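Note that the structure is a prediction, hence the values are computed from the model and not measured. We count residues from 1, following the sequence as given. Counting convention: from 1, in listed order, for ligands and their atoms alike.
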Amino acid sequence: MKHSTPPRVGFVSLGCPKALVDSERILTQLRAEGYAISPTYNQADLVVVNTCGFIDSAIQESLDAIGEALDENGRVIVTGCLGADSEKVLSAYPNVLAVTGAHAYEAVMHSVHEHLPPLHDPYTDLVPPQGIRLTPRHYAYLKISEGCNHRCSFCIIPHLRGDLVSRPIGDVMQEAENLVNAGVKELLVISQDTSAYGIDTKYRTGFWKGRPLKTHSQQLAEALGELGVWVRLHYVYPYPHVDKLLPLMAEGKILPYLDIPFQHASPKILKDMRRPAHAEKVLERLSQWRELCPEIAVRSTFIVGFPGETEEEFETLLDFLEEAQLDRVGAFAYSPVEGAPANQLANPVPEEVKEERLERFMELQAEISANKLSSLMGKTLEILIDEVGEDLSIGRSYRDAPEIDGQVIIEGEELPVGEFVKVMITHADEHDLWGELV
Ligand code: SF4
């Protein structure tokens, strides 16, 4: 028997950009199978909650979201990182319909089919080739791999998502091309470790438009650079071959922007974190990169108050920060993640010391950032418009990734979203820039 209205699925997406990409895939598959996506709980036949399990506050947020979906709708399927620990979900909410883990598209779809069978109508339920996206129309995340071969002691992602599995380069390029054809102006390349792309496949040769391409970050960056849009690389580890990306940046093929998570600078803490990097070498490389591409913007993240961090080691980190002069920095006070080996380390840092160190760290970086941004005054930058309000437009330059970095505010103009404009910078604070249309 044929139903006249398609079954409706509500969707709640929590967590990092990687989880967002998972959500997009699930939503694309749902639409491809003829499900409608419901914007409200009460119109949905069931609700899928894509959870995050990275730190305690994210776990709590995920559990709250499941509770809310159960109260409002009653029929809930849980997926995502927290779903990998089904015990935790089921002990809090025994009446959820199903629990599946991260990156488990097939298992989620299987549960949806079981509890809400699809309505097949291939003539009306066509999905555009670029799929369904949750980001605004003009930028999109491009996930190139799953999992991670590192074993950083504070992280449980390899445990949740397994070892590195790189997507075939032909598939990645096809997806990128579809996105660009659909109007995307900026591609944000994401993975757990972008410079490791292809290691698991021994850099296998794939094909794009009949042309051989190696599954390797450099060849990927080169090919993406041909698409004529902004290409931004996230989560790049400072392996030696990263140097090969710099000429591509200097030539304007990809954005001169590197997001490199350094996490700390003290050799002892880095060793306890099981991170390969070495602070002095990092400083050397930073100055080489700046020589090769002077406009490069470097973003990084750090953890302060890692177990065993002494005042002296923290000061090593501050000295590094001072010397590295990074453009954008995110920092977290260490928070023990259940199941992470770092929890076993001796001498945990008391909460108030962690908070005090985080404050000192952010204060120093705010000063660095304010100096860096004020040096842009009088310069003209190309800006991609993200939002428009009354008598105001907000965009970003190559120096800013969406959501995490700063913005460029253009007062007195209502510019089209998704367009590039030239803006002369007239004012700066420690985070954002203001400017006038040229
Ligand atoms: S923090 Fe370390 S282990 Fe976790 S995903 Fe990143 S590189 Fe892999």
In ligand 1, which numbered atoms sit nearer than 4.0 Å to a non-hydrogen atom of [X]?
X: Pro158; value: 3 (S)
X: Gln192; value: 5 (S)
X: Tyr237; value: 6 (Fe), 7 (S)

Closest non-hydrogen atoms of Pro256 and Glu295, given as atom of the first, atom of the second and distance, are CG-CG, 3.8 Å

So Tyr257 and His234, would you call those rings parallel, tilted or perpendicular, with 30° and 60° as cut-offs? perpendicular

Where does the angle between the aromatic ring planes of Phe262 and Phe302 fall among parallel (under 30°), tilted (30 to 60°) and perpendicular (over 60°)? tilted

Using a 3.5 Å distance criterion without hydrogens, assess whether the side chain of Arg75 forms a donor-acceptor pair with backbone atoms of Leu70. no

Taking backbone and side chain together, does Cys148 place any N/O/S atom at a distance below 2.8 Å from atom 8 (Fe) of ligand 1? yes

Any atom of ligand 1 sitting under 4.0 Å from a heavy atom of Arg275? yes

Can you tell me if Phe154 has a non-hydrogen atom under 4.0 Å from ligand 1? yes

Aromatic ring proximity Phe306/Tyr334, centre distance under 6.0 Å: yes

With a 6.0 Å cut-off on ring centres, are Tyr139 and Trp230 close enough? no

Nearest protein heavy-atom contact for atom 2 (Fe) of ligand 1: which residue, which atom, what distance? Cys152 SG, 2.3 Å

Under 2.8 Å from atom 2 (Fe) of ligand 1, is there an N/O/S atom belonging to Cys155? no

